[in-house]
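Here's the structure we're looking at; comments come further down.
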Amino acid sequence: GAPTIAPPDVTIVVFTPARRDLIERTVQSVRGVRNEVVVHMYTATAPTWREVVLDRDRTALKELIVAGGRDVLELAGDLPNVRFEFSPEVFNLTEPDYALEVCDAMTELWDATPERPVIVNLPATVEIATPNVYADQIEYMHTNLARRDAVILSVHPHNDRGTGIACAELAVLAGAQRVEGCVF
């Protein structure tokens, strides 16, 4: 039978960059697990990461992200207990129209529906502004996302400035439905 690695009411979340080899390994790690599973794919989208780290313009990066999303769909789309999540890492430093464009492309590709929603996670990967600025960015996405009724809007504020909790609270007031965090 399938391995028991967590109580049955626990959702297992696995996190992978938009690279086919890592997506393959990630999906393989949860194949056969009976728990609900979220395959969470991410790619940095902010201008500095696009230009310096990834050496891609907006169009080329969107193509890379969608290709990764197709890999996730191909490798895990047939698993009934798997849902999908996408993070435009460094969301808070990404142009709002571009973040919206990429997130909408992913919810379309993954055919987000109210019955099988896609999680869109919007991280403040490098906290550089006050919580109200992050909340404004979340509200923009909440208001403008296509398929909004088929999206679980999630946030992941960091705490570089010591305001991560305030960012999370204001993001929820601005339309977020879920807060993702880490405990060290």
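We number each residue from 1, following the sequence as shown.
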Just jot down the side-chain hydrogen bond (donor to acceptor under 3.5 Å, both in side chains) partners of E63, sequence neighbours excluded, or say none.
none

Linked, directly or transitively: I12 and L22 (ILVMFWY side chains, under 4.5 Å)
no

Ring pair (Phe, Tyr, Trp, His ring centres under 6.0 Å) pairs, two or more places apart, involving residues 84-107
F84-W110

Going by side-chain heavy atoms closer than 4.5 Å, which hydrophobic residues are tied to L173, directly or by a chain of links?
L170

Can you confirm whether more than 12 heavy atoms, excluding those of R116, are under 6.0 Å from its CZ atom?
yes

Residues two or more places apart in sequence or in another chain: which of them pass side-chain hydrogen bond (donor to acceptor under 3.5 Å, both in side chains) with E101?
K62

Show, in sequence, the C-alpha distance, side-chain angles and deciding distance for R178 and V155, and conclude whether the side-chain contact (heavy atoms from CB on, under 4.5 Å) test is met.
CA-CA 6 Å; R178 172 180 158 139; V155 294; over 6 Å; no

For the pair N81 (side chain) and V33 (backbone), establish whether a donor and an acceptor sit closer than 3.5 Å, ignoring hydrogens and angles.
yes

Atom pairs and distances, donor-acceptor, side-chain atoms in residues 131-140, under 3.5 Å, two or more places apart:
residue : atom : partner : partner atom : Å
N132    : OD1  : T130    : OG1          : 2.5
Y134    : OH   : L122    : O            : 2.4
Q137    : NE2  : N92     : O            : 2.8

Mind jotting down which residue pairs meet the ring pair (Phe, Tyr, Trp, His ring centres under 6.0 Å) criterion with at least one end in residues 8-46? Sequence neighbours excluded, please.
F15-H40, F15-Y42

Distance check, rounded to the nearest 0.5 Å: T125 atom OG1 versus L93 atom CG?
8.0 Å

Between D104 and A146, the two heavy atoms sitting closest are OD1-N, 2.9 Å

Which is it for D111 and R147 under the side-chain contact (heavy atoms from CB on, under 4.5 Å) test, yes or no, and what are the steps along the way?
CA-CA 9 Å; D111 193 27; R147 299 177 182 233; 3.4 Å; yes

Measuring from atom CG of L73 to atom CG of D71, what distance do you get when rounded to the nearest 0.5 angstrom?
9.5 Å

Residue set satisfying side chain to side chain contact (heavy atoms under 4.5 Å, CB included) with T48, at least two apart, ordered chain then number -> V52

Heavy-atom check, side chain of R20 versus side chain of E74, under 4.5 Å
yes

Any side-chain heavy-atom pair of I23 and M41 under 4.5 Å
yes

Could you tell me whether the side chain of S154 and the main chain of N121 form a donor-acceptor pair under 3.5 Å?
no

Non-hydrogen side-chain atoms of M106 and V120 separated by less than 4.5 Å:
no

With rounding to the nearest 0.5 angstrom, report the CG to CD distance, L61 to E51.
11.0 Å

Against S29, only a single residue in V39, V37, T16, V14 fulfils side chain to side chain contact (heavy atoms under 4.5 Å, CB included); can you say which?
V14

Find the distance between OG1 (T45) and CG (L64) and round it off to the nearest 0.5 Å.
12.0 Å

Does the side chain of C103 come within less than 4.5 Å of P88's, by heavy atoms?
yes

Under a 3.5 Å distance rule, please check whether R148 uses its side chain to pair with a backbone N or O of V151 as donor and acceptor.
yes

For residues 142-176, which residue pairs pass the ring pair (Phe, Tyr, Trp, His ring centres under 6.0 Å) check, not counting sequence neighbours?
H156-H158

Review item, side-chain donor-acceptor pairs of residues 159-168, under 3.5 Å, at least two apart:
residue : atom : partner : partner atom : Å
N159    : OD1  : T163    : N            : 3.1
N159    : OD1  : G164    : N            : 2.7
D160    : OD2  : E127    : N            : 2.8
R161    : NE   : A129    : O            : 3.2
T163    : OG1  : E127    : OE2          : 2.5

Worked check of side-chain contact (heavy atoms from CB on, under 4.5 Å) between E89 and T43:
CA-CA 6 Å; E89 278 295 324; T43 303; over 6 Å; no

Straight-line distance of I65 CD1 to L54 CG, nearest 0.5 Å
8.5 Å

Under 3.5 Å, side chain of N35 to main-chain N/O of T11, donor-acceptor pair present?
no

State the CH2-OG1 distance between W49 and T94, to the nearest 0.5 angstrom.
8.5 Å

How would you list, by chain and number, every residue that makes a side-chain hydrogen bond (donor to acceptor under 3.5 Å, both in side chains) with R56, sequence neighbours excluded?
none

Co-members of I152 in a cluster of I, L, V, M, F, W and Y side chains, linked at under 4.5 Å
V13, V38, I119

More than 12 heavy atoms from other groups under 6.0 Å of CG on D9:
yes

Looking at every heavy atom in both P117 and P114, which two are closest together, and how far apart are they?
CD-O, 3.6 Å

Do the side chains of E85 and R83 get close enough for a salt bridge, i.e. N-O under 4.0 angstrom?
no

Taking the side chain from R50 and the backbone from D57, do they hold a donor-acceptor pair closer than 3.5 Å?
no

Contacts of D149 meeting side-chain hydrogen bond (donor to acceptor under 3.5 Å, both in side chains) (sequence neighbours excluded), chain-then-number -> none

Verify same cluster id: V66, V27 (apolar side-chain graph, 4.5 Å):
yes

